[in-house]
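Structure record follows, encoded as structure tokens.
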Amino acid sequence: MSDIASRIQEIKSALPQGVELTAVSKFHPSEAVMEAYAAGQRVFGESRAQELQEKAAALPTDIEWHFIGHLQTNKVKQVVAVADMIQSIDSLRLLRAVSDAAVKAGRRVDVLLQVHVAREETKTGFLPDEMEQAAREALTMPGVRLRGVMGMASNTDDETRVRADFKAIRGSFDALRHGAASGQPQFDTVSMGMSHDRALAIEEGSTMVRIGSDIFGER
Ligand SMILES: *Cc1c(COP(=O)(O)O)cnc(C)c1O
């Protein structure tokens, strides 16, 4: 068995029931994706439109592609053509563009709203108090299906800080579930936790972890 395959199996067997794995294959070649595929992995995350398009064209059609990077509106059409889910919806403008492109393509795309809780200025997303409005709008749009929220914790060794960030991400999911998204059975996804912080994310209520380097090695 390849290293990638054995790491996939190791990570998957350690995930509690109800926590899914997005294998983040960005910047790694299609051969690496195929090694994970051979180990049974079907959900892969990419962060660039061009790379996603190339891999989706070359690789098996039963792969579920998730877009997880910052998406510019001029790349929306390209991504909507192949992505099963866009996890990184970080503005209303992007949300509308995705819905419009999906309608034109005769599709409906699963989306997560990205919530900004980390302290770093560089991370994007809706502020927690903008989420309710964004969710209300998403639920009126014919090209998208609102599945939940995605977020990143601050990049720090301060465990208290990281845990607080994950609590805030989970909290915004719960607020929507009792607010704008109440009565929506497909609203079920809290995407949080990466290679270095997934244990804390799972403790704080993640339902989907996004793991790159622990599977594929350094980028
Ligand atoms: C790259 C990336 C990941 C994976 O990070 P690793 O540290 O390699 O596990 C997860 N989420 C997002 C949004 C990313 O851009």
Non-hydrogen atoms of Val109 and Asp84 that approach each other most closely: CG1-O, 4.0 Å
Option among Thr207, Leu112, Ile169 that satisfies the side-chain contact (heavy atoms from CB on, under 4.5 Å) test with Ser191: Leu112
For the student: nearest non-hydrogen atoms of Lys55 and Ser30, plus distance: CG-OG, 3.8 Å
Residues Asp165, Arg161: salt bridge by 4.0 Å N-O rule: yes
Parallel, tilted or perpendicular: ring planes of Phe173 versus Phe187, cut at 30 and 60 degrees: parallel
Nearest-0.5 Å distance that lies between atom CD in Glu35 and atom CD1 in Ile215: 12.0 Å
Test side-chain hydrogen bond (donor to acceptor under 3.5 Å, both in side chains) applied to Asp110 and Gln87, His66, Arg145, the passing residue: Arg145
Between CG on residue Leu71 and OG on residue Ser47, distance to nearest 0.5 Å: 11.0 Å
Exercise: identify the closest heavy-atom pair between Pro142 and Val103: CG-CG2, 3.8 Å
Asp100 bridged to Lys104 by N-O distance under 4.0 Å: no
Backbone of Leu21 reached by a side-chain donor or acceptor of Gln41 within 3.5 Å: yes
Arg177/Asp188 salt bridge by N-O under 4.0 Å criterion: no
Nearest heavy-atom neighbours spanning Phe67 and Ala49: CE1-N, 3.7 Å
Heavy-atom pair of closest approach, residues Thr73 and Ala97: CG2-CB, 4.0 Å
Residue pair Lys12, Glu20: steps toward the side chain to side chain contact (heavy atoms under 4.5 Å, CB included) verdict: CA-CA 8 Å; Lys12 277 184 114 156; Glu20 280 190 77; over 6 Å; no
Criterion salt bridge (charged side-chain N to carboxylate O under 4.0 Å, His left out) on Glu51 and Lys26, from CA distance to verdict: CA-CA 8 Å; Glu51 189 178 349; Lys26 64 185 185 198; over 6 Å; no
Check: Phe44 main-chain N/O paired with Thr22 side-chain donor or acceptor under 3.5 Å: no
Pairwise side-chain contact, Met208 with Val19, heavy-atom cut-off 4.5 Å (strictly under): no
Heavy-atom pair with the smallest gap, counting every atom of Gly143 and Ser99: N-OG, 2.9 Å
Electrostatic pair Glu64-Arg42, nearest N-O below 4.0 angstrom: no
Stepwise side chain to side chain contact (heavy atoms under 4.5 Å, CB included) check, Gln184 with Leu139: CA-CA 9 Å; Gln184 304 283 337; Leu139 289 165; 3.7 Å; yes
